[in-house]
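In what follows, a single structure is set out as structure tokens and then discussed.
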Amino acid sequence: MAHHRKSSQPRQYGIARRDFLSYIAAVSAIPTIALRAEGQVAQRPRFNGNPFTFGVASGDPEPNGVVLWTRLAPQPLQGGGMPNEAVPTRWEVADDEAFANVVQSGVAWAMPQLGHSVHVEVDGLEPHRWYFYRFHVGDETSPVGRTRTAPADDAMPDRLKFAFTSCQHFESGYFNGYPHMQQEDLDLVVHLGDYIYEYGGVDKRPRKHIGGEVKSLDDYRIRYSQYRLDETLQETHRLFPWLVTWDDHEFDNNYANLVSEEEGISPEAFLARRMNAYQTYYEFMPLRRRSFPQGPHMRLYRGCQYGRLANFHVLDTRQYRTDQPNGDHQKPMIGKALDPQATMLGAKQEHWLMSSLLSSPSTWNVLAQQVMMAPLNRGEGEYRRYSMDQWPGYEISRRRLLRFFHERNVPNPVVLTGDIHLNWVNDLQLDFQDPKSPLVGTELVGTAMTSGGNGGNHIPEFERAAAQNDFVRWYNSNRGYVSCELTPKTWTSHFRVTPYVDKPGAPILTKASFVIEEGQPGAKPA
């Protein structure tokens, strides 16, 4: 979500071709992970402290397996404290918490060039069931994690329960939603981005970032480490598999493809920083090898199917988009906002999404993405204005996707959105300027976990927007998360809010609940 703003002036970049070619050669030298460790290998490593300070995590579930994650760091805020060598890390998966019946095990290498992170892609598991896992290194054993495989592709589960959130600015407060999320009977957690914030530390806030704005690989690693040492976040990773995607703050606020929000940043410097940001994101997230970073590029868009009940189409609305039109900010929907060449997803991702939707056998088709799709008019009177960072800034591509939903009869599209630090429930119309236009989908916008502070405040701009946009079913300014329960017939969403984040231990309230009925786009109060 934007805090600083781009100038509407054109950017002037001088690119020395020789420098750029040598830069590309350097980024291309990052190796794809070897399946065996090269060079020095620590057979019986010893540590000055517990190497499992970040705990464990799992993610990207499939019917036969899941990704298991850990990262060895006995000194997590002092560069990790690991030797500069590959460390063999044993892993086990069992169908009971006591590990009486171990069903899969093996050895993975914690590689120094990836900050001694471990990503194990376990397969050979049974669909739609809970498993327990742990890691061993030297004489140390990790906490026991819990994970769940997806249902078989052709199965129709009775229900799926997941929670989604985004925007967890560390300095804004405590992650008070996570302890309550842990008490829910969830199959999955979906995170829609702004997992960290890149800004430098500021005094007189509930918590403080270490260091200045993050740019180097070490900077990003320390920032993620600070977030992952939060026990509420770490425990939520331990208890459930996660499906993650990023927004902008994992790298740099409001960036668009190769364009910084700041003036005068060369593409070389921008890509060098993005390479650091993307590599660190991979190091700290339970992601499959398909998402392994290729220098300053990383393919994060992907599918995650839950049988014939739900299909998650995970999107990346930052890496491939064209620059925000009309100088960003809130502007009328004119000029570059209506450019047919403008794109939010990029051609390759958009075509992948259309193919995934066409071939999806599932009742609920879920777009897990970042920025608001509904065209929210935030202006006053005749002066209609829209966020140029959100889908209305890319209006032709937005309309193309909604038309695809409609003309191809995509079953029950539901768009999950983060970014804006507010809750919204929006009907998605084929043509928002025609009140009689058909509904083609539903958008659920989840608020921030912490970003924006305590929340619950009266924000005139958004109160006005909620009142003057007929497609808005509900709006709220609290912090928290959204809990969703899906059955073959209904999708029920509970908007959970924490009254405060400036100190730990907030209670949880359910501010509103909405239901979407299968075959009927649009949400109704539950």
Side-chain angles (χ1 to χ4, degrees), residues 1-3 161-169 172-181 183-184 189-194 247 330 366 368-379 386-387 389-392 414-428 441-485 491-503 506-516 522-526:
M1 186 176 181
H3 293 286
K161 195 167 182 187
F162 73 93
F164 72 93
T165 190
S166 63
C167 304
Q168 50 191 36
H169 192 298
S172 296
Y174 295 85
F175 303 150
N176 286 340
Y178 282 129
H180 299 286
M181 200 185 280
Q183 301 305 311
E184 299 211 29
V189 172
V190 178
H191 199 287
L192 298 175
D194 294 346
D247 193 12
Q330 281 73 49
V366 192
Q369 59 97 57
Q370 294 75 16
V371 292
M372 198 189 286
M373 190 171 285
L376 191 75
N377 168 25
R378 293 157 67 166
Y386 305 85
S387 168
D389 185 56
Q390 296 172 0
W391 280 88
V414 179
V415 177
L416 306 182
T417 298
D419 176 61
I420 199 172
H421 311 168
L422 302 161
N423 284 316
W424 298 82
V425 177
N426 300 321
D427 292 344
L428 294 175
T442 314
E443 181 174 34
L444 305 171
V445 182
T447 187
M449 180 59 73
T450 56
S451 305
N454 281 343
N457 47 322
H458 181 91
I459 307 172
E461 176 186 355
F462 293 118
E463 299 282 345
R464 182 177 70 242
Q468 71 190 10
N469 290 273
D470 291 341
F471 56 76
V472 173
R473 293 286 151 261
W474 186 67
Y475 153 79
N476 166 263
S477 65
N478 285 101
R479 305 285 85 84
Y481 65 94
V482 186
S483 179
C484 300
E485 183 165 358
W491 171 315
T492 307
S493 297
H494 304 290
F495 289 82
R496 317 280 199 212
V497 307
T498 52
Y500 54 83
V501 295
D502 58 351
K503 55 184 185 291
I508 199 83
L509 308 169
T510 301
K511 272 283 184 179
S513 297
F514 282 84
V515 65
I516 308 164
K524 306 175 184 71

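All figures in this text were calculated on a predicted structure; none of them were measured in a lab.
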Item to check | Validation row: I508, Q183 side chains within 4.5 angstrom (heavy atoms) | outcome: no
Item to check | From N423 atom CG to T447 atom OG1, the distance as rounded to the nearest 0.5 Å | outcome: 5.0 Å
Checklist outcome for this item: Taken to the nearest 0.5 Å, the spacing of Y481 OH from L192 CG works out to 15.0 Å
Item to check | Rounded distance (nearest 0.5 Å) linking atom CD of E463 with atom CG of N457 | outcome: 9.0 Å
Checklist entry - Is it true that the side chains of T450 and H169 contain a donor and an acceptor less than 3.5 Å apart? => result no
Item to check | Over all atoms of both residues, closest heavy-atom pair of V501 and N454 | outcome: N-OD1, 2.7 Å
Checklist entry - Can V482 and L416 be said to form a side-chain contact (heavy atoms from CB on, under 4.5 Å), step by step? => result CA-CA 10 Å; V482 186; L416 306 182; over 6 Å; no
Checklist outcome for this item: Between the CZ atom in R479 and the CG atom in N176, the distance rounded to the nearest 0.5 Å is 12.0 Å
Checklist entry - Between A448 and C167, what is the shortest heavy-atom contact and its length? => result CB-O, 3.4 Å
Item to check | Inter-residue atom distance H180.NE2 - F175.CZ, 0.5 Å rounding | outcome: 14.5 Å
Checklist entry - Of Y386, W424, Y475, which meets side chain to side chain contact (heavy atoms under 4.5 Å, CB included) against L376? => result W424
Checklist entry - Do R496 and L509 touch side chain to side chain, with heavy atoms closer than 4.5 Å? => result no
Next on the checklist: Applying side chain to side chain donor-acceptor pair (under 3.5 Å) to W391 and E443, what does each step give before you reach the verdict?
Outcome noted: CA-CA 12 Å; W391 280 88; E443 181 174 34; over 6 Å; no
Checklist entry - What are the two closest non-hydrogen atoms of Y178 and H191, and how far apart are they? => result OH-CD2, 3.6 Å
Item to check | From CA spacing to verdict: side-chain contact (heavy atoms from CB on, under 4.5 Å), Q168, D194 | outcome: CA-CA 6 Å; Q168 50 191 36; D194 294 346; over 6 Å; no
Checklist entry - Under 3.5 Å, is there a donor-acceptor pair linking the side chains of Q370 and T417? => result no
Next on the checklist: So which atom in G418 and which in S166 form the shortest heavy-atom distance, rounded to 0.1 Å?
Outcome noted: CA-OG, 3.4 Å
Checklist entry - How about F471 and P375: do any of their side-chain heavy atoms sit closer than 4.5 Å? => result yes
Checklist outcome for this item: The reported gap from CZ in F495 to CG in N476 (rounded to nearest 0.5 angstrom) is 9.0 Å
Checklist entry - Hey, mind stepping through W491 and T442 against side-chain contact (heavy atoms from CB on, under 4.5 Å) and telling me if it holds? => result CA-CA 11 Å; W491 171 315; T442 314; over 6 Å; no
Next on the checklist: With heavy-atom distances below 4.5 Å as the criterion, would you say the side chains of F514 and L444 are in contact?
Outcome noted: no
Next on the checklist: Quick check: closest heavy atoms across G379 and R464, and the distance to 0.1 Å?
Outcome noted: O-NE, 3.1 Å
Item to check | Test item: P507 and Y500 side chains (from C-beta on) under 4.5 Å apart, heavy atoms | outcome: yes
Item to check | Residue that, paired with M372, satisfies side chain to side chain contact (heavy atoms under 4.5 Å, CB included) out of V445, D389, V415 | outcome: V445
Checklist entry - Got more than 12 heavy atoms from elsewhere within 6.0 Å of NZ, K511? => result no
Item to check | Closest heavy-atom pair and its distance - A523, R473 | outcome: O-CD, 3.6 Å
